[in-house]
Amino acid sequence: MSSPILEDLISLTDHHRLACQPYADYCDTLFSGPEAPGSLAELPFLPVRAFKEFDLRSVSEADVFKVMTSSGTSGARSRIYIDRETAQLQTRVLTTIFGDTFGKARSPMLVIDCESTVKDRMRFSARTAAVNGFSIMSRERCFALDDDMTLNVPRVAEFIEKYKEQKIFIFGFTFLVWQAFCGALAAQNQTLSLENAFLLHGGGWKKLEAEKVSNQDFKDTISRWTGCRNVRNYYGMVEQTGTIFMECPEGRLHASAWSDVLTRDVRTHAALPHGEIGLIEVFSTIQKSYPGHALLTEDVGRTLAAADCACGHPGTIVEVHGRLPAAEVRGCSDAYS
Amino acid sequence: MPIVDARSFESGEWRADFDFGGVTAFADEQVLDFLRALSRLLLTDREARRYPDLATFGYFCRQANLARAISETPFVTSRFGWGTVVHIAPGNIPLNFAFSFVMGLLAGNSNIVRLPSRNFPQTQLCIDLIDRLLADPAHAPLARTLRFVQTERDSSALNALVAEAAGIVVWGGDATVRQFRALPKSPRCVEVYFPDRVSSLLVDAAGYLALTDEEARMSARRFFNDTFLVDQNACSSPSMVFWLGDSERIARAQDRFWSLLAPVLDADYAMDPIARINRSLDLMRDVITVGHALKLRQDHDVWRIGNAEVAGLPLRFGTFLELPVSQVTDVLDHLRPNEQTLTTLGVTPEDVFRQMVDRGRIPGIDRIVPVGSALDISFTWDGKDLLSVLSRRVQFPQNKAVAGDNG
C-alpha cells in the first residue's frame with residue numbers, strides 16, 4: 001500500500017537527518033533499510049517516548065518559538081520544540097480538520113474541565129495542551145467544572161442561555177465528559193439544552209473501557225442529558241499536535257490529508273496489514289522543527305483501509321484499543337519497593 | 001507465624017514475643033536441624049517442587065552445602081551471632097530474602113526480614129513451609145528469633161529498627177543502598193550492602209568451537225538462564241561478551257553461539273513490549289552519549305553492539321556489547337568499575353583466574369563461574385564471606401594443635 005504522504009515523509013526524514021545529529025545517528029545505527037523507502041513501513045521511526053527522555057530538535061535554539069510539554073504517566077514530560085513555521089502549520093492543519101467537520105465559524109466554547117487546568121503552569125498536562133489548542137476555534141470560553149472537578153450547573157446554564165442562538169462547541173477529555181459532566185448531570189437528574197451544540201472529545205477510552213462503555217453508549221448518554229447529538233472523538237498526541245485523527249459520521253477515526261497510520265507487531269515491530277492488531281505508528285507531514293514525523297506509540301489497535309468506511313473520507317482508519325501495560329521486569333536492580 | 005503486615009509492623013506489637021538481640025553459636029545444632037528439615041521439606045513438598053527457584057533454595061539448605069560453607073569459615077567454634085540482623089530483600093527476586101535469612105541464621109543471629117512488597121507465590125509458599133516447621137516443638141524455640149515483615153517504603157518503624165539493630169543486610173539498587181547507608185545506626189552495627197553490579201561473559205573461541213554440538217546447545221541454554229530468564233537485569237547477568245582468539249575463530253564461534261541461542265529464545269522467551277521499546281530508547285541514549293552512530297547487529301531478540309565506548313552505559317533488554325580480546329588479561333582493560341561476575345565458556349574459571357594473576361594483574365571482579373551459574377547465590381557474594389561478616393569471632397590464644405579448627 002502506498003501512502004499519498006510518503007514523498008513528504010521521505011523529505012522530512014532527509015531534513016531531520018541533516019538537522020538533528022542524534023536522529024541521524026540513531027537511524028544510521030538501527031535502520032539499514034533501502035536508501036529510498038518504498039512504503040511507510042520502511043521509514044525510520046522513533047518511539048514516541050523519545051521526546052520524554054531526550055531533547056530532539058532540528059532547529060537552532062534561537063529559532064525555537066515555543067516548547068510544548070506534556071506530562072506522562074511516569075512523570076517525565078515530552079519536550080517538543082516548535083519553530084514559527086511548525087507552529088503555523090499546526091494551527092492551519094488543526095483549523096482545517098476542525099472546519100471540515102464542524103464548519104468554519106468560531107463558536108462559544110464550553111470546556112469540560114476546570115480553569116486551573118489551563119492557568120496553573122505547574123499542572124501543565126496533555127489536557128492543558130488540548131484545551132488551549134482547541135481554544136483557537138472558539139470565541140468566549142466557559143469552564144464547566146470548578147477546581148475540585150465538580151460540575152457548576154448554574155454557570156453552565158447561564159452560558160447556554162447567553163448563547164442559545166448559536167452553536168456551542170463543547171470540548172473535553174473523554175473520561176471527564178463521561179464522569180464529571182454526564183455523570184454529574186445524571187446524579188442531579190439535570191438535563192441541559194444543548195441540541196444545537198457539537199462535542200469533541202479525546203484522550204482515550206481507558207477509563208470507560210473498564211466500565212464497558214461503548215462509543216454508542218457514550219453518545220446516547222450525552223444525547224440523553226444534554227440533547228447534543230453531534231459528538232466526535234479524536235485521536236491525537238502532543239508529539240504530533242495538529243494532525244489529529246477525527247471521528248467520521250460512521251464512528252471511525254480517519255487520518256487527515258497530512259497524516260497516515262500503520263500498526264507494527266508488538267513482538268517484532270514488523271509492519272502489519274490492515275485489520276491486524278499491533279502497536280500504532282503515526283505519521284505526520286508538518287513536523288519541521290523536531291523529528292516527530294514517524295512515531296511508534298505505546299497504543300495498541302488496528303488500521304483499516306479508508307475504502308472500508310461509507311463516509312467517503314480518504315484517510316486511513318485507526319482503531320485504538322488501549323495502552324500497553326507497564327513492564328514488569330525481573331532482576332535485582334531497583335530493589336526496594 | 002504469619003507475615004507481619006505493614007500496619008501491624010508500625011504498631012510494634014509483633015515485638016512482644018520476639019527475642020530482640022537474641023544470639024546463638026555459629027552453626028548451632030538446633031539451627032542445623034531446622035535447616036536440614038527445611039531442605040527436606042522444600043525438596044519433597046509437591047507444591048514447592050513446581051518452582052525451580054524453591055528447589056535451588058532447597059539444595060542450598062542441604063546438609064552437604066552447609067557443611068562445606070561452615071568448613072570454609074575460619075574459627076567456627078569460637079564464633080557467635082552479633083544479635084538481631086535486619087535484612088532488606090530486593091523487590092523483584094522472589095526468594096532472595098530466604099538466602100539472606102539462612103545466612104543470618106547460620107551465623108548465629110536473630111533475624112527480621114523485610115519482604116518485597118510484590119507478592120510472589122513462591123515467597124508465600126516458602127514462608128508457609130518455614131511456619132510448618134516452626135510449629136513442630138523441636139523447632140519452636142527458633143520462632144522467637146525470626147520475623148518476616150512488610151513495611152511501607154519509608155516506614156519510620158523500620159528506620160527505628162535499623163537504628164537498634166546489631167546488623168543490616170541490604171540487597172541491591174544503588175538508591176536503596178544510599179538510603180540505608182544514610183540512616184542512623186548503632187555505632188557497632190555491622191553493615192552489608194549489595195549495590196548495583198554488572199557482569200560479563202568470556203568465551204574462548206577455540207575451546208568453544210571444540211565443544212560437541214550437544215555441549216554447545218547446552219551452553220546456549222545455560223547462557224539463556226544467566227541472562228534472558230531474568231530479562232538480563234540481574235547483577236550477575238552478562239551484558240558484555242568477550243571473545244578470546246583470532247578473528248577467524250571468533251567469527252565462527254560467534255555464528256555458532258548466537259545461532260544456537262535463537263531457537264531457545266524462540267521457544268522460551270517473549271520480550272515485554274515495553275522493554276522492547278525501552279531497548280530502542282537505550283540505543284538513542286547510547287548514540288547521544290558517544291556522539292556518533294554505532295555498529296549494531298540485530299538478529300532476533302539479540303542486539304549486539306561493537307563499540308567499546310558504550311561499556312559504561314546500560315546494556316539490557318537483550319543488548320550485548322561484544323569485544324574481541326587476544327589474551328585473557330585484555331579483559332581486565334575493559335571491565336567496568338562495578339563489575340561483579342565473569343562467566344566463562346570454552347575455558348574454566350580456574351584457568352581464567354590463574355592467567356589473570358600470573359601476569360601480576362588484580363582481577364577487577366568478585367566472581368568467576370562457568371556459564372549457567374551466574375545467578376547461583378552462595379555464601380560468598382560480592383567478595384564478602386557472609387558467614388564471617390555476619391558472625392563475631394571471640395579471640396583468645398589457641399593451642400596450635402587445636403587451632404587447626406579450619407583456621
Side-chain angles (χ1 to χ4, degrees), chain A residues 17 20-33 44-57 72-74 76 263-270 277-281 291 294-300 322-337, chain B residues 88-94 96 114 116-118 153 170-177 179-180 194-197 229-237 270-281 283-288 290-296 298 300-301 303 305 307 316-317 375:
Chain A
R17 270 182 187 271
C20 180
Q21 191 62 38
Y23 176 78
D25 291 339
Y26 180 80
C27 292
D28 289 343
T29 303
L30 203 48
F31 298 95
S32 48
F45 57 90
L46 296 184
V48 71
R49 212 162 5 107
F51 296 96
K52 289 197 165 69
E53 307 209 2
F54 311 105
D55 281 329
L56 298 170
R57 56 181 162 82
T73 40
S74 61
T263 51
R264 291 188 181 274
D265 187 300
V266 292
R267 248 180 75 70
T268 63
H269 289 183
I277 295 170
L279 285 177
I280 295 172
E281 180 180 349
L295 297 177
L296 185 68
T297 71
E298 292 175 19
D299 293 327
V300 176
R323 184 68 59 94
L324 280 180
E328 285 219 339
V329 174
R330 289 158 283 193
C332 57
S333 45
D334 185 21
Y336 183 53
S337 59
Chain B
I88 308 296
N92 42 10
I93 299 195
N96 182 284
R114 183 194 186 270
S117 48
R118 213 160 114 194
R153 216 189 128 91
V170 180
W171 291 87
D174 286 355
T176 304
V177 166
Q179 184 181 341
F180 279 90
F194 298 102
D196 290 332
R197 304 295 298 272
L229 190 67
V230 288
D231 291 325
Q232 204 194 359
N233 201 35
C235 296
S236 320
S237 296
M271 189 184 294
D272 181 277
I274 292 279
R276 186 173 295 277
I277 291 170
N278 290 343
R279 180 172 66 169
S280 297
L281 295 170
L283 187 73
M284 179 161 277
R285 183 170 298 106
D286 293 345
V287 299
I288 289 175
V290 306
H292 57 78
L294 297 171
K295 282 182 281 181
L296 176 72
Q298 311 173 48
H300 224 73
D301 282 328
W303 278 10
I305 298 178
N307 307 71
R316 51 192 174 181
F317 313 124
L375 303 183

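For clarity, every value in this text was computed on a predicted model and none was experimentally measured. Here is the naming used below: chain letters follow the sequence lines, and residue numbers restart at 1 for every chain.
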Answer with side chain, backbone, both or neither: which region of A:Tyr26 has an atom nearer than 4.5 Å to a non-hydrogen atom of chain B? both

Search all heavy atoms of A:Thr29 against all heavy atoms of B:Gln298 and return the closest pair with its distance. O-NE2, 4.4 Å

Rounded to the nearest 0.5 Å, how far apart are CG of A:Leu46 and CE of B:Met284? 4.5 Å

On a heavy-atom basis, the closest approach of A:Pro22 and B:Ile288 is CB-CG1, 3.6 Å

So do A:Glu53 and B:Asn278 actually touch side chain to side chain, heavy atoms under 4.5 Å? no

Could you check A:Val300, A:Asp265, A:Leu324 and say which one makes a side chain to side chain contact (heavy atoms under 4.5 Å, CB included) with B:Pro273? A:Leu324

Could you tell me which residues satisfy side chain to side chain contact (heavy atoms under 4.5 Å, CB included) with A:Arg57, sequence neighbours excluded, listed by chain and number? A:Glu61, A:Val64, A:Tyr81

CA sep, side-chain torsions, deciding dist, call: B:Arg276, A:Val266, side-chain contact (heavy atoms from CB on, under 4.5 Å): CA-CA 8 Å; B:Arg276 186 173 295 277; A:Val266 292; over 6 Å; no

Heavy-atom nearest pair, B:Met271 first then A:Arg267, reads N-NH1, 3.9 Å

Please rank B:Leu281, B:Asp286, B:Asn96 by heavy-atom pairs under 4.5 Å with chain A and give me the top one. B:Leu281

Bottom line for B:Arg285: the part with an atom under 4.5 Å from chain A's heavy atoms is both

Not counting sequence neighbours, which residues clear side chain to side chain contact (heavy atoms under 4.5 Å, CB included) with A:Asp25? List them please. A:Gln21, B:Val287, B:Ala293

Euclidean distance, A:Arg49 CZ relative to B:Ile277 CD1, rounded to 0.5 Å: 6.5 Å

